[in-house]
Amino acid sequence: MDAAYWTGAQLSTEELHGEQQFVTLLYERLDALREQAEDAVEVTAGQSGTGRQARVERDITVAEQSGRVSSLNAVESGLCFGRIDLADHTTHHIGRIGIRRDDEERTPLLIDWRAPVARPFYLATGFEPMGLRRRRHLTTQGRRVTGLHDEIMDLTDTRRTGYEDPDADAVLLAALNSARTGRMADIVQTIQAEQDRVIRAPYRGVLVVEGGPGTGKTAVALHRAAYLLYAHRERLARRAVLIVGPNPAFLGYIGEVLPSLGETGVLLATTGELFPGVRAVGTDSPAAAEVKGRLAMAKVLAEEVADRQSLPRPTLEIRHEDHGTLVLDRETAAEARQRARETGLPHNLARPTFAFRVIDALTAQLAERIGADPEGGPNLLSPADVVQLGKEVATSREVHAAIESLWPTLTPQRLVADFLAAPWRLDARDAAAVRRSGIRTGADAPIDWTPADVPLLDEAAELLGEDNSAAVAAAALERQEQIAYAQGVLELSYGSRTQEFEDEDESEVLAAHDVIDAERFAERHEEADTRSAAERAAADRTWAFGHIVVDEAQELSAMAWRLLMRRCPSRSMTLVGDPAQTGDAAGCDSWQRILEPYVGTRWELSRLGVNYRTPAEIMEVAAEVRRLTDPLFEPPRSVRSTGTAPLVRAVAPGLMARTAAELVAESAGSAAGSAAGSAEGPSAEGRPGEGRLAVIAPPGLVPALGAELPDASWGGAPDLTRPVVVLDPRQAKGLEFDTVVVVDPEGILDGSPRGANDLYVALTRTTQRLAIVRNAEVPSRLKSASGTGAADAEAPDGA
């Protein structure tokens, strides 16, 4: 070898060794921080203080330090992934969190990727270097640096390291080609310029992020949540951030992204999980979900509540134990109802006004009966007598029963259950769609609530309100008792001081009551809520979040949007979606129609136009599906081309499930062969055949496919970490796999009013390979799936 080779090889080794030393130092510091937090948990948990204040302080400290340990554990993988060398020869290493040296100056050791100084790592180009000489990507495996990739920003800088690569997209393409794990990975190392602009967009207002399949919408939204928590920590940590996803499987799929970025205090939920105390595990028909999602349901429920505020027909007789029967006429009840409605309060909170007016009227009736002067003179009862009669009326069980019959105390569950049992306000077709048999009218017994029921429950809760006057009164009484107890403690303290210092100048000695009064003393001994903001928000229907991120936002119904807007009065939201993928009949394909009732025109649209997931050959097949309903449709531009067209097999209807199983087995065999040939190390990651496979089919075919694939996960909550899963198109929304087998595309097309959108979703879930198993007895509406223009394979024997 010549001298130039040896010089370059030696330089490369020194560079790698230097980065390894730095990364080792980073992990030593990370271990020290984690050990400090773990010690704090152990020491604090072992403290022997038994007072209420001591217990509260102990619990808070343990919770805070335990959360810190969890965050430090989550960011360990890929802790440092980049370095920027500035023109002034300053160097910054970029990582998942910020870490400082343990010195007096607390100098930065690792820069948080969200810090302003780190932004050139994502935005700098050769045309606009943003003050950089060089950008370096570090590849690590565990705590070992396995590779470096340098990009030269300043071409006048002659220094070379041996790791320069003219392909600026090499790191991105390596990440895109890596095998999937069944859990979404963060993109913190490969954030692109268009994505960075969305991530760091201003906090206030509504930002809509629209993009086709594979454009990174979900990843961008999650990194935006992490960025906002960094940039507005105090505000958002107090109010919490809510991430809304389309289904529990999707939330499980994205659940590790934010922890890997050091953020664990975020609430992830579906709309079906946003009514505390209700688990929406039931399933609606598409027609029922569409009806329940209409904005008109708000008016229907309001009318249901108004109907519960009834009047006597024409009178209501109320037996009184001592004075015969009282009569409540329609006119008196109508006047009481009008007074209650004029308060503008929700139903349950307006009920006392109605009750008081009725009680006053019945008391006057009773007083007139008892105290009437036979000779026509003034009433013989004194004001005190009338007050006593009023108390008797107010405590009468019969009177309370009468008031309850006219203005009942209602729960959201009871109101909605009654409506679903007898939806007579709807026309016959809609009523048949939403009617639920087996619900006992007026009962609060548990039922299988569906996700589409939850916005109705939330609307009902707003209409009804919660009369918590009794709880407030009880809390006030307990508070007074605590103050009285504290006052007694302070008085004892004063007495003991007087005896101890009776011969000295008391003005020189301070006792407890000299520096704190009884009320503040009581406050210090109240139980504190040690739950995180996210945990408290999950239990409080009226919680106002600091920011809400909605993924697959185009799927939400008008009623679901009413629910979410209540949860965020500040209207600080990030909405992520693609109208071309709208599958739910209750969904909305117009951002303006969604947002105008709440924010008018005060929202911003940002479009992502690059497809990082789906190869160009597969994307063209998917685009053909969309052009069935939108001839002018243009898909997002794919950054990759594999040169391999989708595989198509046309078989008899009864053989589609078996053929899909054979394709899965072929893929598994390919994976085994690929794994056998990759023993030399991690460089083989992402080879064809590795990763995860999904079979996507119409809902009616999923059980048959599950039977043909006994090792696959399928059903209501499939395990996405399994090598093979069987899904319907709605379950596949937002997910990605290395290989996808789409079964019966024509069945998906015809399966719903938005079948073309559903098939578009199914075809765009893959990062590498696509196979299509179609019904040979049904003419294909797609040229690419008809046996021409695609990699057509012979059907198996017997097809």
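Note that these values count all heavy atoms, side chains included, but never hydrogens, waters or copies made by symmetry.
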K.L.:
Just wondering, do M619 and P636 contact through their side chains at under 4.5 Å, heavy atoms?
P.N.:
yes
K.L.:
Indicate whether the side chain of Q768 and that of T642 have a donor and an acceptor atom separated by less than 3.5 Å.
P.N.:
no
K.L.:
Under 6.0 Å between the ring centres of Y230 and H223?
P.N.:
no
K.L.:
How about L727 and L735: do any of their side-chain heavy atoms sit closer than 4.5 Å?
P.N.:
yes
K.L.:
Is there a side-chain contact between R135 and M153, using heavy atoms and a 4.5 Å cut-off?
P.N.:
yes
K.L.:
Do T218 and D551 pair up side chain to side chain, a donor and an acceptor below 3.5 Å, judged on atom types alone?
P.N.:
yes
K.L.:
Please find out if less than 6.0 Å separates the ring center of Y227 from that of Y203.
P.N.:
no
K.L.:
Go through the side-chain N and O atoms of S752 and D758 and say whether any donor and acceptor fall under 3.5 Å apart.
P.N.:
yes
K.L.:
Considering only heavy atoms from C-beta outward, does the side chain of V550 approach that of L556 to under 4.5 Å?
P.N.:
yes
K.L.:
Using a distance-only test with no angle check, is there a side-chain donor-acceptor pair under 3.5 angstrom linking T739 and R769?
P.N.:
yes
K.L.:
Give me the atom names and distance for the closest heavy-atom approach of G255 to P259.
P.N.:
O-CD, 3.3 Å
K.L.:
Please tell me if the side chains of R235 and S572 come closer than 4.5 Å, counting only heavy atoms from C-beta onward.
P.N.:
no
K.L.:
Flag the pair R114 and E263 as a salt bridge only when some basic side-chain nitrogen lies within less than 4.0 angstrom of an acidic carboxylate oxygen.
P.N.:
yes
K.L.:
When you look at K292 and D284, which way does the side-chain contact (heavy atoms from CB on, under 4.5 Å) test go after all the steps?
P.N.:
CA-CA 10 Å; K292 293 178 182 180; D284 272 316; 3.0 Å; yes
K.L.:
First locate atom CG of L222, then atom CE of M184, and finally report the distance between them rounded to the nearest 0.5 Å.
P.N.:
6.5 Å
K.L.:
Short question: side chain of S638, backbone of R640 - any donor-acceptor pair under 3.5 Å?
P.N.:
no
K.L.:
Kindly indicate whether a cation-pi arrangement holds for R239 with W543, taking the cut-offs as under 6.0 Å to the six-membered ring centre and within 45° of the axis.
P.N.:
yes
K.L.:
Are the side chain of T764 and the backbone N or O of Y760 linked by a donor-acceptor pair below 3.5 Å?
P.N.:
yes
K.L.:
So, the side chain of R133 versus the backbone of I152: is there a donor-acceptor pair under 3.5 Å, distance only?
P.N.:
no
K.L.:
Please lay out, stage by stage, how E617 and S641 fare under the test side chain to side chain donor-acceptor pair (under 3.5 Å).
P.N.:
CA-CA 7 Å; E617 294 82 2; S641 176; 2.4 Å; yes
K.L.:
About how many Å separate OG1 of T629 and CG of N757, when rounded to the nearest 0.5 Å?
P.N.:
6.0 Å
K.L.:
Treating N611 as the side-chain partner and P213 as the backbone partner, does any N or O pair qualify as donor plus acceptor under 3.5 Å?
P.N.:
yes
K.L.:
Search all heavy atoms of V241 against all heavy atoms of A225 and return the closest pair with its distance.
P.N.:
CG1-CB, 4.4 Å
K.L.:
Can you find a side-chain donor-acceptor pair between T574 and H547 that sits under 3.5 Å?
P.N.:
yes
K.L.:
Spell out, as yes or no, whether a donor-acceptor pair under 3.5 Å connects the side chain of S713 to the backbone of D719.
P.N.:
yes
K.L.:
Decide yes or no for I111 and H93: does some side-chain heavy atom of the first lie under 4.5 Å from some side-chain heavy atom of the second?
P.N.:
no
K.L.:
Is a donor on one side and an acceptor on the other found under 3.5 Å between the side chain of T766 and the backbone of D738?
P.N.:
yes
K.L.:
Show the nearest heavy-atom pair for residues Y122 and V188, with the distance to one decimal.
P.N.:
OH-O, 2.6 Å
K.L.:
Examine distances only and state if a side-chain atom of T146 and a backbone atom of T139 form a donor-acceptor pair shorter than 3.5 Å.
P.N.:
yes
K.L.:
Please report the shortest heavy-atom distance between C588 and T582, naming the atom on each side.
P.N.:
O-OG1, 4.2 Å
K.L.:
Would you check if the side chain of E273 reaches a backbone N or O of T270 as a donor-acceptor pair within less than 3.5 Å?
P.N.:
yes
K.L.:
Answer whether the closest heavy-atom distance between the side chains of T91 and I84 falls below 4.5 Å.
P.N.:
no
K.L.:
Can you tell whether the side chains of E555 and K733 come within less than 4.0 Å, N to carboxylate O?
P.N.:
yes
K.L.:
Take R136 and D150 through the test salt bridge (Lys or Arg N to Asp or Glu O under 4.0 Å) and record every step on the way to the result.
P.N.:
CA-CA 4 Å; R136 167 170 291 176; D150 284 351; 2.7 Å; yes
K.L.:
Mind checking the CG-CZ spacing from L229 to R224? Nearest 0.5 Å is all I need.
P.N.:
11.0 Å
K.L.:
Going by distance alone, is a donor N or O of one side chain under 3.5 Å from an acceptor N or O of the other, for S260 and D186?
P.N.:
yes
K.L.:
Nearest 0.5 angstrom please: M573 CE to L564 CG, how far?
P.N.:
5.5 Å
K.L.:
Yes or no on salt bridge (Lys or Arg N to Asp or Glu O under 4.0 Å) for R134 and D154, after CA distance, side-chain angles and deciding distance?
P.N.:
CA-CA 7 Å; R134 176 184 303 270; D154 181 1; over 6 Å; no
K.L.:
Would you call P597 and M565 a side-chain contact if the rule is heavy atoms closer than 4.5 Å?
P.N.:
no
K.L.:
In sequence, state the C-alpha distance, the side-chain angles, and the governing distance for R774 and S780, and then conclude on side-chain contact (heavy atoms from CB on, under 4.5 Å).
P.N.:
CA-CA 8 Å; R774 57 173 297 268; S780 175; 3.5 Å; yes
K.L.:
What closest approach, in Å, do V454 and A280 show between heavy atoms, and which atom pair accounts for it?
P.N.:
CG2-CB, 3.8 Å
K.L.:
Atom CD1 of I94 and atom CD of Q189: how far apart are they, to the nearest 0.5 Å?
P.N.:
11.5 Å
K.L.:
Quick test of your reading of the model: are D728 and R730 salt-bridged, counting only N-O distances below 4.0 Å?
P.N.:
no
K.L.:
Knowing that exactly one of K217, R692, R765, R613 qualifies, which makes a salt bridge (Lys or Arg N to Asp or Glu O under 4.0 Å) with E736?
P.N.:
R613
K.L.:
Has R626 got its NZ or CZ under 6.0 Å from the middle of the six-membered ring of F633, at an angle within 45 degrees of the ring axis?
P.N.:
yes
K.L.:
Of all heavy-atom pairs between P745 and V773, which one has the smallest distance, and what is that distance?
P.N.:
CD-O, 3.5 Å
K.L.:
Applying ring-ring contact (aromatic ring centres under 6.0 Å, His included), run through F121 and H137 and close with a yes or a no.
P.N.:
CA-CA 9 Å; F121 180 77; H137 291 269; 5.0 Å; yes
K.L.:
When you look at L207 and L575, which way does the side-chain contact (heavy atoms from CB on, under 4.5 Å) test go after all the steps?
P.N.:
CA-CA 6 Å; L207 174 65; L575 313 182; over 6 Å; no
K.L.:
Is R204 reaching over with its side chain to a backbone N or O of P202, donor-acceptor style, under 3.5 angstrom?
P.N.:
no
K.L.:
I would like to know whether T264 and V266 meet side-chain contact (heavy atoms from CB on, under 4.5 Å); could you show each step before the answer?
P.N.:
CA-CA 6 Å; T264 56; V266 175; over 6 Å; no
K.L.:
Which distance, rounded to the nearest 0.5 Å, do you find between the CH2 of W113 and the CZ of R96?
P.N.:
10.0 Å
